[in-house]
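Chain identifiers are assigned alphabetically (A, B, ...) following the order of the sequence lines, protein sequences preceding nucleic acid strands; residue numbering begins at 1 within each chain.
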Amino acid sequence: MQESDGSDINTKIFNSVAEVFQKAQGSYAGHRKHIAVLKKIQSKAVEQGYEDAFNFWFDKLVTKILPLKKNETIGDRIVKLVAAFIASLDRELILAKGQDYELSNDEEGVFSRFVDQFIRHVLRGAESPDKNVRFRVLQLLAVIMDNIGEIDESLFNLLILSLNKRIYDREPTVRIQAVFCLTKFQDEEQTKNLTELPDDEENYEATRTLVASIQNDPSAEVRRAAMLNLINDNNTRPYILERARDVNIVNRRLVYSRILKSMGKNSFADIEPHIFDQLIEWGLEDREPSVKNACKRLIAHDWLNILDGDLIELLEKLDVARSSICAKAIEALFQSRPDILSKIKFPENIWRDFTVEIAFLFRAFYSYCLDNNITEMLEENFPEASKLSEHLNHYILLRYRHEGVPNNLHVGFDSNTLEFIIEQLLITAERYDFSDEVGRRSMLTVVRNMLALTALSEPLIKIGIRVMKSLSINEKDFVTMAIEIINDIRDDDIEKQELEEKIKSKKGNSHKNGVSSDGEDNDKTNNDATNDDEEDDNIASFHSAVENLVQGNGNVSESDIINNLPPEKEASSETIVLCLTRSSYMLELVNTPLTENILIASLMDTLITPAVRNTAPNIRELGVKNLGLCCLLDVKLAIDNMYILGMCVSKGNASLKYIALQVIVDIFSVHGNAVVDGEGKVDSISLHKIFYKVLKNNGLPECQVIAAEGLCKLFLADVFTDDDLFETLVLSYFSPINCSNEALVQAFAFCIPVYCFSHSTHQQRMSRTAADILLRLCVLWDDLQNSAPGMNREAMLKPNVIFQQLIFWTDPRNLVNQTASTKKDIVQLTFLIDVLKIFTQIEKKEIKKMILTNVNAIFLSPEQDYSTLKKILEYSDDITENDTLDSVSKNALDRLRNNLNVVLEEINERSELQTKDENNTTNDQYSSILGDSSNKLSNGDIDHSIGTINEDSTDAANAPNNSTTVNNLQGQSNLRKRTRSETEQDDTLGNSEDTLKQNTSAVTKDIGFVLPEEKEDAMSVDEEDNDSNSFTDI
Amino acid sequence: DEEDDQNDDNSNTTAGSILEKDLMAYFDENLNRNWRGREHWKVRNFKRMNLVTNEANILAETQNVVRDTTNKNMGDDKLTDAKKKNKPKKVLEIDFFQIDDGFEDKIFAPKGRTKIDMPIKNRKNDSHYLLPDDFHFSTERITRLFIKPEQKMSLFNHKKNSRGDASTRVFD
DNA sequence: GATGTGTAGCTATAACAG
DNA sequence: CTGTTATAGCTACACATC
């Protein structure tokens, strides 16, 4: 080939290709044509033996767009062009192969050489320092991945290696494209290996890499790309679906709106039941409305459509019997599809053939109609009360008696199914219309007798009692009936024991002294069978009781019960549990004081008090709960039992602590401080100590949460007002030892702001304690950073964030009770003064910087008190003069001082203006009240005095205090300055006598906070912990 | 100042009458996003209560509005100006005919000392970027008693009654 | 690493066709 | 009714800039 010809053709090829690119960058419009042209150029070049030249120039021209950043339209157009060109070639080849054309000119070879060269070419930029180049390279690879045909092994290895490097690129955009590329290399074999082979750094299987990305990539968009492109089979599905809890909102939403939606009917079959439940719960409970709505739409729209609107089938899929979230799901369904409401019917003939789904729909439909006042539907679909009770009775009999009822229909019904149906009917019954007396009476009979069944499950006891409450005439009637049931159960048991004893003694059996039923078990061959026998007996009495009641002999009078003296024998522990369960659910619904409720008093004596003293843990816990519920009804009882409850918390095992703690909090919530501190009452300090102790004990995280939540409640209610206890509370929020106790953190995250912003006295308490909190936490943090490498340094917030939090909490603008005087509020300013005051106790430059750089988040306003602002300025000046600060800190501090000066200036200007305008009249008045303002009268002072004459109690309380504290502060500040310089000198000598040292040593003690073995007083602000241990005696 | 005084009085009377349920809803709404606490809170200012409608606030707000609008107008002008400047700059075109010898060398330059990889510590995250369990703390939850959930305590409006008594109420 | 700007990915509403 | 398209407006997140 001659050179001139060669370079001529070569140039021609270059010009032609370049022209296409030149045109194509302008718009997408001519792309079709451009691709045709490119193909023509290529085939012509091949014909002329210039295949390489075409490839060379094509690649070279593509290189030009590589530096273009993301979303640059020109770049995107060329990328599209390349993709379309390659796709077109590929498609042509496949088509040709499919039709068995003779490929005349080795098109396949041309294509694969072109692709091979192209990929190798762009890969040269895969590790370019320019992130745009890396992005474009990966983008080009991603868009051609589907159409590269077969590539040889060396290129494949090169590509995989590059992609597995780029998946860890610095730039998220690059990683996203890498994910897109990798998704094309997945296959089933790999997903199997996912679970079967161990993790391996050198394992370059695409699926494994993608799974690593979906879980570990910091960028939400990368995880999203992996989620949407990961192959969806049994092995990978859990990784995809767990994104329903991704921290990113869009990712969470996409699980419902894309992943699950596209799975269609397979969602029901292919997802494991517990995961399926979890997904629905997560979706419907999500904090973000958009996620919640996506989930609702999935259920109410997509899924219901898939199932052709078959509501029952949908409920089957949702597994109503097991999943507690279904109530929410169906409510969403009713709301978004009101059309289906009218299609729901409950004809008479299905009443005896309820399934779990129908029963559930029945109850949900009823509740919905009731809540939304759809009376016509109620009348149309729901039978009269007596019918309801009949049906209920039918299922109760089915469940608790095996003979006497036509069995053929319900052969497949297991007890769980029946209990679920019964529960649904009872839930309906609780809100049913019982204006018809006959209906009410018959339902009452059914429920009372049901509650007498000893085999009744706890959920049914609970709802049964509630139904009984709604059926009762008044509370006294309710209590009477409930206690009668309880007494009957106990008496029956004792009777039975006596009977058995007689039989045993007749047999001359020796082992009768073993505590009742435990011994019995040995004699019984089959426990279940015996229970059933027992049940049959109960059903028999059940029937006779029904007879009695229907004949009107139902209600036993109160005196009957009281006169029915407690038998001397004790009931078996199983029976006691049955009684206590019923009584606790009863007591939960009672509100009349104990003094008007003699029956409950008798219950205390016969059942509850013995239970509290029982040695069996479960009985004792139930007893404590019952006792607590009674205490809520009577102050006197509460007072008498505070001590024992305190003992339970301090000496009991975890579960006893857990319940007793709740009881104590509830008692305080109801009775306030009346239950402590007085003649014969428990000392409130001792109770505080109990709370400290539980709060600090991270061995029992659940109890910590109760203590925290409980304390927050009590502080919110102003039952507790102790600053030290409050400080401990806030400290445990930030403490690293609690960082893994999510419930605790969330309780505080909610309660602390509610507390601070609900009342200015609350915010003032925070303000008073905040500086000390900050100081302690700074020391703690510092210690954590210097601790052993095993420690998790992220377990604690950095001091700057803590400081920001405290500033936010003390910001008066966040108070709910916004008034005009909010702008004058100085709570946050006093916090700042305290911080500046303790500032010298912070030693680390790093921490000082974190404090100072946030100091300007404090709200300053010319409305605020002049002297307070002035004081802050003085402290700031002091720090500037005496501390060596880095430039950032200094700038921040200067800015604060500058701002302060501006504000102070403005106050001065205003007051001058005012004195001119108002002809001295008002000012005279106020200055006479103020008396001592010898220096220039400032507007701030005036405001303040107005606050004082006002009836605003908080201002009135604070005004004098503040001025004195401010004065004191100044004194202290000077003193401190001296001490500080002395300390600096003495530091090397080890002098530890002054107050500052004392403080630091107190602080060092707190370091134990991090170290479990020393944690005793670490968190507690309470200094002397060892003196009175009222609850450790005995 | 006299006006302020007046307004103070007004606010004190009106502020006390904010309904408990409104307060509860207010807190639930505002703390919804901050449920994870700790490092996850944002300085997002609380949506101000619009429940209190006393003269002082109306006055203050109108003043703010006046100032705001003036500011906004100024800002708007600046913004639109900035946008006008930004938009027309997108007339970029590549000359594909211009191929000088060295251009590929720049693009395919070795990474050198530029860090193009994620730091190792960022490649694994134990949280897997999943949210923690949500315990759904709410005013509803913290006002109800632990062992007697039907009974609610009244947390916010008890102040006027007597200190140290949470004055529980029962809602039927 | 704090800041302001830009944008992906909805959400809402209407109009319109099937 | 149901589904599509077009429009504007919104917010959390990403990106850029200093």
Side-chain angles (χ1 to χ4, degrees), chain A residues 68-73 76 130-132 134-135 169-177 180 217-225 227-228 243 246-259 261 283 286-298 300-302 304-306 308-309 336-343 797-801 803-804 807 846 849-857 886-889 891-892 895, chain B residues 29-30 32-36 39-45 47 71-72 75-76 78-87 89-90 118-119 122 129 131:
Chain A
L68 299 181
K69 64 179 176 191
K70 196 190 162 201
N71 283 339
E72 190 70 74
T73 36
D76 292 343
D130 182 345
K131 64 170 185 171
N132 295 321
R134 276 177 280 134
F135 164 72
D169 197 284
R170 258 190 116 68
E171 300 299 321
T173 48
V174 179
R175 299 202 299 274
I176 291 170
Q177 299 303 323
F180 288 151
D217 197 292
S219 161
E221 284 176 296
V222 176
R223 297 196 303 274
R224 187 178 312 157
M227 175 176 84
L228 294 172
R243 289 300 117 194
D246 195 289
V247 292
N248 183 273
I249 299 166
V250 178
N251 289 359
R252 265 181 280 149
R253 189 173 51 204
L254 283 170
V255 170
Y256 300 96
S257 66
R258 199 76 59 81
I259 306 280
K261 189 178 175 179
D286 202 285
R287 308 293 266 234
E288 290 298 321
S290 73
V291 180
K292 203 188 282 201
N293 289 333
C295 181
K296 284 180 182 174
R297 198 160 51 234
L298 177 74
H301 187 260
D302 302 316
L304 195 58
N305 281 358
I306 284 172
D308 294 322
S336 57
R337 299 282 290 262
D339 54 301
I340 59 171
L341 286 172
S342 55
K343 291 176 191 156
L797 287 183
K798 280 157 63 185
N800 57 340
V801 184
F803 187 38
Q804 284 166 15
I807 289 173
E846 192 188 2
K849 183 176 171 182
M850 288 196 254
I851 302 294
L852 288 178
T853 48
N854 283 294
V855 111
N856 286 297
D886 61 302
S887 62
V888 184
S889 308
N891 287 342
R895 221 175 96 206
Chain B
E29 195 186 318
N30 274 299
N32 195 31
R33 306 295 166 100
N34 281 338
W35 62 275
R36 279 190 286 167
E39 56 264 65
H40 300 291
W41 74 283
K42 298 223 175 82
V43 215
R44 58 161 62 78
N45 274 326
K47 236 188 266 168
N71 286 339
K72 265 179 194 165
D76 273 331
K78 278 177 191 167
L79 276 176
T80 43
D81 280 358
K83 276 182 182 174
K84 275 170 193 169
K85 277 176 199 166
N86 283 338
K87 276 199 174 176
K89 80 173 177 183
K90 277 197 174 181
M118 256 201 278
N122 289 351
Y129 298 99
L131 293 173

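Proximity of A:R224 to the phosphate of C:dG9: a side-chain N or O atom is located under 4.0 Å from OP1 or OP2. Between A:N71 and C:dA8 there is a side-chain N or O to OP1 or OP2 distance below 4.0 Å.
Formation of a donor-acceptor pair under 3.5 Å by the A:R175 side chain with backbone atoms of A:R170 is found in this model. Between the side chain of B:R36 and the backbone N or O of B:W41 there is no donor-acceptor pair closer than 3.5 Å.
If you find the closest nucleotide of DNA chain C to A:K798 and to A:L254, the one lying nearer the 5' end belongs to A:K798.
Taking every heavy atom of both residues into account, B:N32 and A:R287 meet most closely at OD1-NE, 3.0 Å. Of all heavy-atom pairs between A:L254 and A:L228, the closest is CD1-CD1, 4.1 Å. Between A:M850 and A:F803, the shortest heavy-atom contact is O-CD2, 4.5 Å. A pairwise comparison of heavy atoms in A:G283 and A:Y256 identifies N-OH, 3.0 Å as the closest pair.
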Show each protein N/O and nucleotides 16-18 of chain D N/O combination with a separation under 3.5 Å, one pair to a line.
{"residue": "D:dA16", "atom": "OP2", "partner": "A:K131", "partner atom": "NZ", "Å": "3.0"}

Distances under 3.5 Å between nitrogen or oxygen atoms of protein and nucleotides 3-7 of chain D:
none

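Residues satisfying the side-chain hydrogen bond (donor to acceptor under 3.5 Å, both in side chains) criterion with A:R224, sequence neighbours excluded, are A:N248, A:N251. A:R337 pairs by the salt bridge (Lys or Arg N to Asp or Glu O under 4.0 Å) definition with A:D339, not counting sequence neighbours. Legend: residues meeting side-chain contact (heavy atoms from CB on, under 4.5 Å) with B:N122, ordered by chain and number and at least two apart, are A:P218, B:M118, B:P119.
Closest approach to the B:R33 side chain among D:dA12, D:dC13, D:dC15 is made by D:dA12 (side chain taken as heavy atoms from C-beta onward). Comparing D:dA14, D:dC13, C:dC10 against the side chain of A:I249 picks out D:dC13 as the nearest. Comparing D:dC15, D:dA14, C:dC10 by their closest approach to the side chain of A:R258 singles out C:dC10. Relative to the side chain of A:S257, the nucleotides C:dC10, D:dC13, D:dA14 differ in distance, and C:dC10 lies closest.
Atom CG of A:D76 is separated from atom C1' of C:dA8 by 15 Å (rounded to the nearest Å). The distance from atom CG of A:N854 to atom C1' of C:dT3 is 14 Å, rounded to the nearest whole Å. D:dC13 atom C1' lies 13 Å from atom CZ of A:R252, rounded to whole Å. With rounding to whole Å, A:M227 atom CE is found 17 Å from C:dA8 atom P. When the C1' atom of D:dC13 is taken as reference, atom NZ of A:K70 falls 12 Å away, rounded to whole Å. In this structure, A:R287 places its CZ atom 14 Å from P of D:dA12, rounding to the nearest Å. The distance from atom NZ of A:K261 to atom P of C:dG9 is 16 Å, rounded to the nearest whole Å. The distance between atom CH2 of B:W41 and atom P of D:dA12, rounded to the nearest whole Å, is 16 Å.
Looking at heavy atoms from C-beta onward, B:R33 lies in side-chain contact with A:E288 at the 4.5 angstrom threshold. You'll find the side chain of A:F135 stays beyond 4.5 Å of the side chain of A:E171, heavy atoms only.
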Give the B/S/- string for nucleotides 11-18 of chain C, one per nucleotide from 5' to 3', where a protein heavy atom under 4.0 Å of the base yields B, of only the sugar-phosphate yields S, and otherwise -.
S-------

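The side chain to side chain donor-acceptor pair (under 3.5 Å) with A:D286 is formed by just one residue from the set A:K292, A:R253, A:R252; it is A:R252.
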